[in-house]
Every structure is written in structure tokens, then in C-alpha cells.
Amino acid sequence: FSALRRAEAPEPFSTRDLVGHDAYVQVGIPAGRYGSVLVKAEGQTHEFAATSDRDVPAGRTVRVTGVAGNGLIVEDDNASAADAAGAEEG
């Protein structure tokens, strides 16, 4: 039995392990609602529901900043950079 125990896969990852990872927005995320993101972990691509406090269009790369239930909370680094550039111009 010890040989079988060693052959078992390690504990599956938790969604909390994904905080800090980059994710690809597959289905656009309306502010305060849910969309869909793809995250690479453990050599595979996983799909998760994701929410953000701002609209995030499909095709963007975002950073996972937290967990909300079974979904992820993401932040669009591109939006904050655009906001900062807009503030500098004004």
C-alpha cells in the first residue's frame, strides 16, 4: 500500500493558490458581475468564473487578486495604467 500512496497525485491546488497569477479573459467581465478567465496552473489551463470592480473586455490579461466563492477576483492592470495616463494628461 505504501507504493500506491506514493503514486497518488499531490493535493489539488486551491483557488487561493492562484492569487498573483495572470489570467486571460475569455468572456468579458462587466463591472461587479461575472465573466470567465483562463488560468494556467500545474501544467494545465483551468477555466474559472471571475469578477472585477471595472469592465474588463475579452482578450485582456488580468491579475488574480482574490477569491470570491468558487470564482476569482481579478484586476485589469491595463485599465489602471490607462487611468493614470488619462490623469496625467488632464
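Just so you know, these numbers use all the heavy atoms, side chains as well, and skip hydrogens, waters and symmetry mates. The first residue in the sequence is number 1, and the count goes up from there.
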### Query
Would a distance-only check, ignoring hydrogens and angles, find a side-chain to backbone donor-acceptor pair under 3.5 Å from Asp55 to Pro30?
no
### Message
I'd like to check Asp77 versus Val62 (side-chain heavy atoms, cut-off strictly below 4.5 Å). Are they in contact?
### Response
no
### Query
Taking Thr45 for the side chain and Val39 for the main chain, is one N or O donor matched with an acceptor at less than 3.5 Å?
no
### Message
So does Ala49 get a backbone contact from the side chain of Ser36, meaning a donor-acceptor N/O pair under 3.5 Å?
### Response
no
### Query
Which heavy-atom pair separates Arg33 from Thr51 by the least distance, and what is that distance?
O-OG1, 2.7 Å
### Message
With heavy-atom distances below 4.5 Å as the criterion, would you say the side chains of Val64 and Phe48 are in contact?
### Response
no
#### Entry: Closest approach of Ala68 to Tyr34 (non-hydrogen atoms, all atoms of both residues)
CB-OH, 3.7 Å
### Query
Going from OG1 on Thr65 to CG on Asp76, what distance comes out if it is rounded to the nearest 0.5 angstrom?
11.5 Å
### Message
If you define the side chain from C-beta out and look only at heavy atoms, does anything of Ile29 sit under 4.5 Å from Val37?
### Response
yes
#### Entry: Arg63 side chain reached by His21 side chain, heavy atoms, under 4.5 Å
no
### Task
Decide whether Val27 and Leu18 are clustered together by the hydrophobic rule: side chain heavy atoms of Ile, Leu, Val, Met, Phe, Trp, Tyr closer than 4.5 Å, transitively.
no
### Query
Within the distance-only criterion (no hydrogens, no angle test), does the side chain of Ser52 pair as donor or acceptor with the backbone N or O of Val74 below 3.5 angstrom?
yes
### Message
Using modelled atom types and a 3.5 Å cut-off, is there a donor and acceptor pairing between side-chain atoms of Arg60 and backbone atoms of Val25?
### Response
no
### Derivation of the side chain to side chain contact (heavy atoms under 4.5 Å, CB included) call for Val67 and Ile73
CA-CA 5 Å; Val67 177; Ile73 301 170; over 6 Å; no
### Task
Kindly give the heavy-atom pair with the smallest separation between Gln44 and His46, and that separation in Å.
O-CD2, 3.5 Å
